[in-house]
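Notes follow once the structure below has been shown.
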Amino acid sequence: MMAGRPKKCLSLIGFSLLCLKMVASAKTAPEIPTIDQAYSKISNSITVEWATVPGATSYLLTAKDGDTIIETIVANSPGTVTGLKAATLYQITVRSISAAGRSQASPPKQANTVLAAPILEVSSPSSDSILVRWEAVYMATGFSVSIMRANGLGRIWKENTTNTTLTFTSLDAGTLYTIKAYAWNANGTPGDDSTCNQRTIACAPGRVTIQEDPPGHLSVSWSNVDLGDYYVAFVKSDDGLEVHCNTSLTQCNFLSECGFTYFISVFAYNKAGQSPLGDVFNYTTAPCCPSDINPVLVSSDRVEIVWSPVRGAELYETKAVDGFNVVECNDTAPACTLSALECDTKYNITVYSFSEVRGSNTSCASRFVTTAPCSPEIKSVSKDAFSVIHVHWRSSNDGATYTVTARGEEGLYRCSSMGQSCTLGGLPCGSLFSVTAVAETQAGQSLPSYSVPLETVPCCPATLTVTQVTQSVINVSWTVGTGALTYVTVLEAHTGQSKCHTHQNHCLLGCITCGVNYTVALKAISASGLTADCAYQRYASSACCPLGVKLYRLGPNGIRIDWQAARGSANYSTDLYGSKGIFTCSPSAGLSFCDITEIPCGDVYTVMVSPVAETGLKLTFCPKKIYSVTCSGSTLGMVIYRGKRNAE
C-alpha cells in the first residue's frame, strides 16, 4: 500500500497539470516565485522560504537528488519537503499555482539535509557510571552527548567526541538520567538528536560473610543495598558446577560437599538491571574424611592401615589412643604404620584429613583396633613319671589361646590351652627339641616366646642279651639306644650286685654266683645326664660246675664218670675227648654219675662234666680232667688220673 501511494500522487499531479494547461490556454499563468532560502533542520526534510506571488493559490516544491524527485504542494511560504535522505545535497525549486495554471520552476537553490540522529545504546556498568554507545553516522565528523537528571534537578554534563562511545562517571547510584546526543558535519552543523533514559544500578552488596555450620551447609549473607530490589547469589565449585539463589533477603543457604573450593559472588538488582560485580569470595570446605580405613597388618607392636585417597586432603594425620598414650604419624600417602604400640591393647584409631587452607577435618570417624597378644614367657618345661612333658608359661593376654610347639628333627609336636600350661605327649625318646609358645586372639598372633631347649630321655635298647662266659663272669650286650651316650648295667640278686658303666654296647660282669636268679637292669644316659631306666626279664646264672669228677672202669670197655653235684638242681652232660673219638653221656635226672660203654682202652681222655642250661645249651666253661685208660689184660683195668685242664 505504501509503495503505491507515490504513484497515485504523481498521477493526480499529472492530471492537474493537464487541467492547468487547458486553463492556461484560456488564461495567463502566475508569476515565477523566487526562493529566498532553503535549509534543513530535520534530517529527512528541507524547509524553503520564498516571496508570495500575487494570484497564486498554492505552490509546488520540488527536491531533486540525481534521478530521484520528491514534490510537495503547500499553501504558502515557508514550505517543507519531507521524506528526504539525511546528509544529502538536494536541488530545490518552487512553482506557483493559480486557476490560470502553473508557473515555470524558480531558479534552483541547493540545500543539504542535516545528519541523522545517533542510535544510542546505554548501560550502567557500575553504580556511579553510565556508558553510552552508538554506531557511526554518515557524514558525521563529531558528536555531542549530554546527560542530566531526568527530574531536571542538578547540572548538565556535556561532552564532545569523535569516538562512538562515551562514559559518564561520578554519578549517583540508582538515579534515572536523561541522555541526549547528536552528530555534526564538517561545517559544524548539528544533526538530529537522540534522547533516552538510563538508571545507574544499584551498588554491589558488601560485607559478604560465609559460614559452614554444620558441615555440608554454606550460609552466605551480605549487607542491605540501597535501591536494590532483590539479590542473586552465585556459588560455583571448582569442578565447574554452579548454583544460585534468588532472594529479597540478605542471606542464602547452599548445600556443600567436603574437599571443594567454592567461588561466591552476590549481585543486587533493580529496574536498572544488575549491579556491577563485587568481590568474588572463595571458601574451601574441610577435606573429606577417609571412610574405608583397613588394617592390613596387625602385630603385637605395630598396626599398618591403608585407605582410599579423599578429595581436598593434602596430608593425613593418624592418631592411635589407648586412653592416656597417643601415637601419631603424618604422611601425604593414604597409608600409615603405627609402631611402638603396646601388645594386646585396644586402640582408638582416627585418620584426620588436612589441607593448608582449612586445616584438619576433626569430624572424621574413628575405629577400634586391638593389637596382637603379647608373647608368652615359658617358665618351665618338666617331665612326669609317664614321660609326659609339662610346659608352663606366664602371660597377661585377655582371652588368648596359647599354642606350644616342640620342633625337632623328628617333626613338630603341639599342644594348646587357654590357661597357662599344657602337656606334650608322644615325643620320641632320644630327641632334641626347641619349645616355643605363641598366643593368639581375634586380633592376631603374637611373636613366639623365647625358645627353651627340650631333650627327651634316651631310648632304651631294643634288645639285651646275657651270655655266660665263665661260671662267675657273664657278658651283657645290647643294641644302641637313640640319644644314649653311656650305659650302666646292673645284675642284682640276694647274694649281691654286679655293675658296669660303659660307653660301649656290651659289658663283662664278674663275681657272678652260679645257680642264682638275677635281675638285669640297664640305664641309658644322654650326654646331658638324662637317664632312661630300662627294665628287662630276670636272668638265672648257670648251674655250678660239679666237684670231685672221677672215672671208674666198668668191664673191659666201660667207664663210669662220677661227680659230686653242686648247689642247686641242674642237668649235666658228660663228654670224653680221646684220639679215637668223642664219647658223651647224659645221666638221668637226679643222678650224679653217667656210664659210657664200649670205650677203647689204651687212650688218654679229657673229661668234662658240664651243667646244661634250661634252653638245652651245654655250658663249656667247667674245668676239664685228663685220664689215661690202660689195657692190662685183666677185666678190671686201671684208670689213671693224669691231671687237670682248664676249660677252653
Side-chain angles (χ1 to χ4, degrees), residues 381-390 410 425-433 453-547 565-572 610-623 646-648:
V381 178
S382 60
K383 182 186 72 171
D384 62 14
F386 301 98
S387 297
V388 175
I389 305 299
H390 297 271
E410 301 298 325
L427 272 66
C429 57
S431 300
L432 293 176
F433 293 91
L454 170 63
E455 179 184 3
T456 56
V457 296
C459 296
C460 290
T463 60
L464 182 141
T465 303
V466 181
T467 304
Q468 193 89 30
V469 178
T470 68
Q471 182 171 285
S472 63
V473 177
I474 65 170
N475 180 56
V476 183
S477 61
W478 53 87
T479 56
V480 175
T482 303
L485 180 63
T486 61
Y487 304 89
V488 174
T489 306
V490 178
L491 265 71
E492 190 170 10
H494 67 280
T495 58
Q497 183 187 73
S498 183
K499 190 176 189 180
C500 171
H501 190 180
T502 180
H503 64 276
Q504 298 176 330
N505 64 333
H506 60 87
C507 186
L508 289 176
L509 293 173
C511 301
I512 300 301
T513 303
C514 58
V516 176
N517 289 328
Y518 282 90
T519 298
V520 182
L522 183 134
K523 293 184 178 182
I525 304 173
S526 69
S528 63
L530 288 179
T531 301
D533 293 322
C534 307
Y536 295 95
Q537 71 275 12
R538 302 170 78 73
Y539 173 74
S541 62
S542 65
C544 299
C545 292
L547 302 175
R567 179 178 64 251
S569 60
N571 295 323
Y572 294 91
S610 303
V612 178
E614 294 178 356
T615 60
L617 179 64
K618 182 169 56 177
L619 303 179
T620 60
F621 50 75
C622 289
N646 292 330
E648 296 178 356

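All values derive from a computational prediction rather than experimental measurement.
In this structure, CD1 on Ile512 lies 11.5 Å from CD on Gln471, to the nearest 0.5 angstrom. From Leu432, atom CG reaches atom CD of Glu455 across 5.5 Å, with rounding to the nearest 0.5 Å. Note that CG of Asn475 and OG1 of Thr467 are 5.5 Å apart. Values are rounded to the nearest 0.5 Å. The line from NE2 of His506 to CG of Leu509 is 12.0 Å long, rounded to the nearest 0.5 Å. Put simply, OG on Ser477 and CD on Gln504 are 12.0 Å apart, with the number rounded to the nearest 0.5 Å.
Contact check for Pro458 versus Leu530: side-chain heavy atoms found under the 4.5 Å cut-off. Within the 4.5 Å cutoff, no side-chain heavy atoms of Val488 are placed close to those of Thr531. When side chains are defined from C-beta on, Glu410 does not count as touching Leu427, because their heavy atoms never get closer than 4.5 Å. Within the 4.5 Å cutoff, no side-chain heavy atoms of Ile474 are placed close to those of Val469. Contact annotation: the side chain of Tyr487 never approaches that of Cys507 to less than 4.5 Å [non-hydrogen atoms, C-beta and beyond]. Considering only heavy atoms from C-beta on, Tyr518 stays 4.5 Å or farther from Ser498 through its side chain. Looking at heavy atoms from C-beta onward, Pro428 lies in side-chain contact with Phe433 at the 4.5 angstrom threshold. Residues Trp478 and Thr489 form a side-chain contact, since some pair of their non-hydrogen atoms from C-beta on lies under 4.5 Å apart.
Counting only distance, with no hydrogens or angles, the side chain of Thr482 and the backbone of Cys459 share no donor-acceptor pair below 3.5 Å. A donor-acceptor pair under 3.5 Å is formed between the side chain of Ser541 and the backbone N or O of Thr513.
Taking all atoms of both residues into account, the shortest heavy-atom contact from Cys544 to Pro611 is O-CG, 4.0 Å. In terms of heavy atoms, Thr456 sits closest to Gly430 at OG1-N, 3.0 Å. When every heavy atom of Asp384 is checked against every heavy atom of Val388, the shortest pair comes out as OD1-N, 2.8 Å. What you find for Gln468 and Ser542 is that their closest heavy atoms are OE1-N, 3.2 Å. A pairwise comparison of heavy atoms in Ser610 and Cys622 identifies CA-SG, 4.2 Å as the closest pair.
Sulfur atoms SG of Cys460 and Cys429 are positioned 2.5 Å or more apart. Cysteines Cys514 and Cys545 are not disulfide-linked, with SG atoms at least 2.5 angstrom from each other.
Few gaps surround NZ on Lys618; more than 12 heavy atoms of other groups in view lie less than 6.0 Å from it.
Checked against Pro461 for a side chain to side chain contact (heavy atoms under 4.5 Å, CB included), the options Val480, Asn505, Leu522 give a single hit: Leu522. Just one residue in the list Thr502, Val490, Thr465, Leu491 forms a side chain to side chain contact (heavy atoms under 4.5 Å, CB included) with Val476, and that residue is Leu491.
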